[in-house]
Engineer: 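Here it is, the structure, as structure tokens.
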Amino acid sequence: MEGSGEEFMKYRSPLVSRYASKEMAYNFSDRKKFTTWRRLWLYLAKAEKELGLSITDAQVSEMESHLEDIDFVMAAEEERKLRHDVMAHVHTFAHCCPTAAPIIHLGATSCYVGDNTDLIMLRDGFDILLPKLARVIDRLANFAEKYADLPTLGFTHYQPAQLTTVGKRACLWLQDLVMDMRNLQRAREDLRFRGVKGTTGTQASFLQLFQGDHEKVEELDRKVTEMAGFKKSYLVTGQTYSRKVDIDSLCVLASLGATVHKICTDIRLLANLKEIEEPFEKEQIGSSAMPYKRNPMRAERCCSLARHLMALVSDPLQTAAVQWLERTLDDSANRRISLPESFLTADIILSTLQNITEGLVVYPKVIERHIRHELPFMATENIIMAMVKAGGNRQDCHEKIRVLSQQAAAVVKQEGGDNDLLARVQADPYFTPILGQLDSILDPKTFIGRAPQQVTRFLSEEVRPVLEPYKSKMDVKIELEL
């Protein structure tokens with residue numbers, strides 16, 4: 001940590017101080033926000049000049065040369081006096097652009113810079129998240145491919161059920177992540193620019209500037225929208241863009257949070273079974289009191305933060321519901337928190353999940369032991385069918401197996417012993433006709449159905465194509481500092 005220690009005397013959001021990437025932290029920083037305001041004022045001046053307003057090249061040039069050199073101390077002092085953040089920055093910008101001062105913010109309302117900057121931050125936030133999500137999908141797809149045919153116990157109700165494979169289970173995780181990828185892409189593409197709409201969204205001030213020329217007002221909106229990198233602007237707004245846009249953006253992030261929570265909960269459950277573990281650093285300490293422990297700390301962090309991400313979506317839902325008429329300012333303080341925190345939290349859990357999926361450790365021998373413990377019970381129907389083929393009576397065989405199964409279950413549950421059903425079958429003369437078939441009957445690979453084929457087809461048809469646009473960004477590895 002740098003500094004004299006003064007920063008430790010006040011609350012700092014752990015989303016930034018402890019977890020988030022530099023790029024996402026910058027995306028919602030004051031510097032990004034206020035330099036974007038200046039760029040928006042520049043775009044407005046350029047477009048107004050091109051459409052015939054009395055704005056000079058010197059004024060535009062002066063604005064261009066002072067986009068980055070913000071005097072934050074002066075801006076803070078102006079805001080203390082004016083009680084208005086936008087006008088404080090208008091004055092601060094005008095101070096270093098005296099020639100351009102008369103035309104800065106010409107015809108605009110505060111939401112011209114405020115809302116348009118928020119939309120730019122949302123767009124850029126999605127652009128940061130999408131490659132990170134693609135990398136998680138890529139790492140997990142490689143994992144699924146590697147373990148496509150490794151049998152493992154399937155669980156329903158967290159009770160042993162029919163076998164699946166390690167790779168097929170990973171595909172259940174992948175399917176949710178691919179849905180999240182499409183949701184994030186759609187939310188990003190649906191974003192539009194607020195554009196140049198004026199105080200209540202009617203563009204009245206700009207119509208006045210252009211002396212009633214409607215075409216020039218529309219062209220002004222189009223030009224500024226294009227300069228800001230958007231294909232479209234919202235055709236109608238109040239003072240603000242509809243706060244349902246925030247709902248759409250945060251809903252897809254909350255949905256991603258639910259996916260990550262599910263995946264990481266599964267990993268935590270499997271870690272308890274010692275079948276799968278997240279990466280564990282050479283000098284990492286799992287527990288201060290129990291040196292043998294290897295706690296799934298990264299997965300736990302993801303679950304912890306994912307709960308916060310899922311909870312944040314209630315903010316824009318309630319905000320959109322109470323936007324009276326053309327707007328009310330009770331959205332502002334809430335959005336300063338809920339919008340950045342959603343993207344910062346999503347950024348953190350994706351980085352952490354990438355680190356997990358790049359180093360997942362599988363213990364096939366443990367998995368095999370668990371299968372051996374349960375498979376004899378699952379194989380009873382196969383044993384019955386083999387006996388029937390060998391000439392036995394199904395009802396007689398079913399009763400024999402039922403009795404032996406109950407005896408074996410009693411050994412497991414009441415005595416804490418191993419499942420000895422197979423030994424009981426081998427010791428009973430009734431089953432002599434099929435003793436030579438028992439190894440093949442109890443081969444785990446005969447119990448996994450089409451799981452390997454499903455993995456292959458799913459990765460080929462639904463996963464790999466989603467990753468194509470992000471191929472050039474796949475090589476980034478995640479090293480977690482904490």
Side-chain angles (χ1 to χ4, degrees), residues 143-173 266-277 360-456:
F143 177 86
E145 190 171 43
K146 182 177 180 181
Y147 295 104
D149 59 357
L150 179 62
T152 189
L153 281 178
F155 288 88
T156 60
H157 314 274
Y158 201 42
Q159 303 298 315
Q162 286 189 347
L163 299 191
T164 183
T165 69
V166 172
K168 169 63 190 297
R169 176 178 285 142
C171 285
L172 298 180
W173 302 337
D266 284 356
I267 291 171
R268 292 162 65 192
L269 293 170
L270 294 168
N272 172 260
L273 298 175
K274 296 181 173 60
E275 293 189 357
I276 287 180
E277 285 182 344
L360 274 177
V361 181
V362 177
Y363 294 106
K365 293 297 181 184
V366 177
I367 293 171
E368 186 182 327
R369 185 172 76 243
H370 289 155
I371 290 174
R372 281 201 311 270
H373 192 70
E374 300 290 344
L375 192 59
F377 292 140
M378 299 176 189
T380 52
E381 183 64 26
N382 294 34
I383 292 172
I384 291 170
M385 295 306 295
M387 280 297 297
V388 171
K389 286 182 181 178
N393 179 284
R394 188 192 184 283
Q395 281 65 40
D396 293 342
C397 184
H398 184 278
E399 180 60 19
K400 284 276 189 183
I401 285 287
R402 188 190 69 79
V403 172
L404 295 181
S405 295
Q406 294 294 332
Q407 292 170 350
V411 170
V412 172
K413 295 177 181 178
Q414 296 173 22
E415 301 175 20
D418 291 333
N419 185 344
D420 63 358
L421 176 58
L422 182 57
R424 291 175 186 274
V425 169
Q426 290 170 326
D428 190 324
Y430 177 82
F431 294 99
T432 300
I434 65 164
L435 291 184
Q437 302 175 43
L438 283 179
D439 284 346
S440 60
I441 289 173
L442 289 163
D443 180 358
K445 287 190 182 295
T446 65
F447 289 82
I448 59 175
R450 299 191 63 256
Q453 291 76 17
Q454 287 181 355
V455 171
T456 299

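Just the heavy atoms: all of them, side chains too, but no hydrogens, waters or symmetry mates, feed the values below. All of these numbers come straight from a predicted model, not from anything done at the bench.
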Engineer: Taking all heavy atoms of P151 and all of D149, pick out the closest pair and write down the distance.
Structural biologist: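 For P151 versus D149, the nearest heavy atoms are CD-O, 3.0 Å.
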
Engineer: Among pairs that include at least one residue of residues 425-434, which meet side chain to side chain donor-acceptor pair (under 3.5 Å), considering only residues two or more places apart or in two chains?
Structural biologist: none

Engineer: What donor-acceptor contacts under 3.5 angstrom involve side-chain atoms of residues 385-394, with partners at least two apart or in another chain?
Structural biologist:
{"residue": "N393", "atom": "OD1", "partner": "Q395", "partner atom": "N", "Å": "2.9"}
{"residue": "N393", "atom": "OD1", "partner": "D396", "partner atom": "N", "Å": "3.0"}

Engineer: Check the pair L273, L269 against side-chain contact (heavy atoms from CB on, under 4.5 Å), reporting the backbone distance first and the verdict last.
Structural biologist: CA-CA 7 Å; L273 298 175; L269 293 170; 5.9 Å; no

Engineer: If you compare all heavy atoms of P429 against all heavy atoms of P433, which two are closest, and at what distance to 0.1 Å?
Structural biologist: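 Taking P429 first and P433 second, the nearest heavy atoms are O-CD, 4.4 Å.
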
Engineer: Applying side chain to side chain donor-acceptor pair (under 3.5 Å), can you list everything that pairs with R369, at least two apart in sequence or on another chain?
Structural biologist: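 So R369 forms no side chain to side chain donor-acceptor pair (under 3.5 Å) with any residue.
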
Engineer: Would you mind listing every side chain to side chain donor-acceptor pair (under 3.5 Å) that reaches into residues 408-423, with sequence neighbours excluded?
Structural biologist: D420-R424

Engineer: Look up atom CG in D266 and atom CH2 in W173, then write down how far apart they are to the nearest 0.5 Å.
Structural biologist: 5.5 Å

Engineer: Start with the C-alpha distance between I267 and L360, add both sets of side-chain angles, then the distance that settles side-chain contact (heavy atoms from CB on, under 4.5 Å), and finish with yes or no.
Structural biologist: CA-CA 9 Å; I267 291 171; L360 274 177; 4.3 Å; yes

Engineer: Restricting to side chain to side chain donor-acceptor pair (under 3.5 Å), what partner residues turn up for E145, sequence neighbours left out?
Structural biologist: R464

Engineer: Could you measure the distance from the OH atom of Y147 to the CD1 atom of I276? Nearest 0.5 Å is fine.
Structural biologist: 8.5 Å

Engineer: Output the distance between atom CZ (R402) and atom OG1 (T380), rounded to the nearest 0.5 Å.
Structural biologist: 12.5 Å

Engineer: Under 3.5 Å, side-chain donor or acceptor atoms of residues 164-172 against the rest of the protein: list the pairs with distances, not counting sequence neighbours.
Structural biologist:
{"residue": "T165", "atom": "OG1", "partner": "A148", "partner atom": "O", "Å": "2.8"}
{"residue": "T165", "atom": "OG1", "partner": "K168", "partner atom": "N", "Å": "2.9"}
{"residue": "K168", "atom": "NZ", "partner": "Q454", "partner atom": "OE1", "Å": "2.7"}
{"residue": "R169", "atom": "NH2", "partner": "L153", "partner atom": "O", "Å": "2.8"}

Engineer: Find out whether I401 and V425 are in side-chain contact, i.e. whether some heavy atom of one side chain is under 4.5 Å from a heavy atom of the other.
Structural biologist: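 Counting from C-beta outward, I401 and V425 do come under 4.5 Å.
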
Engineer: Return the set of residues passing ring-ring contact (aromatic ring centres under 6.0 Å, His included) with Y363 (not counting sequence neighbours), or none when no residue passes.
Structural biologist: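 ring-ring contact (aromatic ring centres under 6.0 Å, His included) list for Y363, sorted by chain: empty.
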
Engineer: What closest approach, in Å, do I441 and F447 show between heavy atoms, and which atom pair accounts for it?
Structural biologist: O-CE1, 3.1 Å

Engineer: As a quick check of understanding, evaluate side-chain contact (heavy atoms from CB on, under 4.5 Å) for R372 and L422, giving each step before the final call.
Structural biologist: CA-CA 10 Å; R372 281 201 311 270; L422 182 57; over 6 Å; no

Engineer: Give a yes or no on whether H370 atom NE2 has more than 12 heavy-atom contacts from other residues, nucleotides or ligands under 6.0 Å away.
Structural biologist: yes

Engineer: For F431, which residues count as a ring-ring contact (aromatic ring centres under 6.0 Å, His included) partner, sequence neighbours excluded?
Structural biologist: none

Engineer: CG/L150 to CD1/I367 distance, rounded to the nearest 0.5 angstrom?
Structural biologist: 5.0 Å

Engineer: Under the rule for side chain to side chain donor-acceptor pair (under 3.5 Å), what residues qualify as partners of Q437, not counting sequence neighbours?
Structural biologist: none

Engineer: Mind checking what makes side chain to side chain donor-acceptor pair (under 3.5 Å) contact with Q453, not counting sequence neighbours?
Structural biologist: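 Per chain and number, Q453 pairs via side chain to side chain donor-acceptor pair (under 3.5 Å) with no residue.
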
Engineer: Filter on salt bridge (charged side-chain N to carboxylate O under 4.0 Å, His left out), then keep only pairs touching residues 434-451, sequence neighbours left out; what's left?
Structural biologist: none

Engineer: Taking only residues two or more places apart in sequence or in another chain, which ones pass salt bridge (Lys or Arg N to Asp or Glu O under 4.0 Å) with E277?
Structural biologist: R294

Engineer: What distance do Q162 atom CD and L375 atom CG have between them, rounded to the nearest 0.5 Å?
Structural biologist: 10.5 Å

Engineer: Quick check: does any side chain N or O of T446 sit under 3.5 Å from a backbone N or O of L442, one acting as donor and the other as acceptor?
Structural biologist: no

Engineer: Distance check, rounded to the nearest 0.5 Å: M378 atom CE versus L163 atom CG?
Structural biologist: 5.5 Å

Engineer: Compare every heavy atom of A161 with every heavy atom of T156, then report the nearest pair and how far apart it is.
Structural biologist: OG1-CB, 3.8 Å

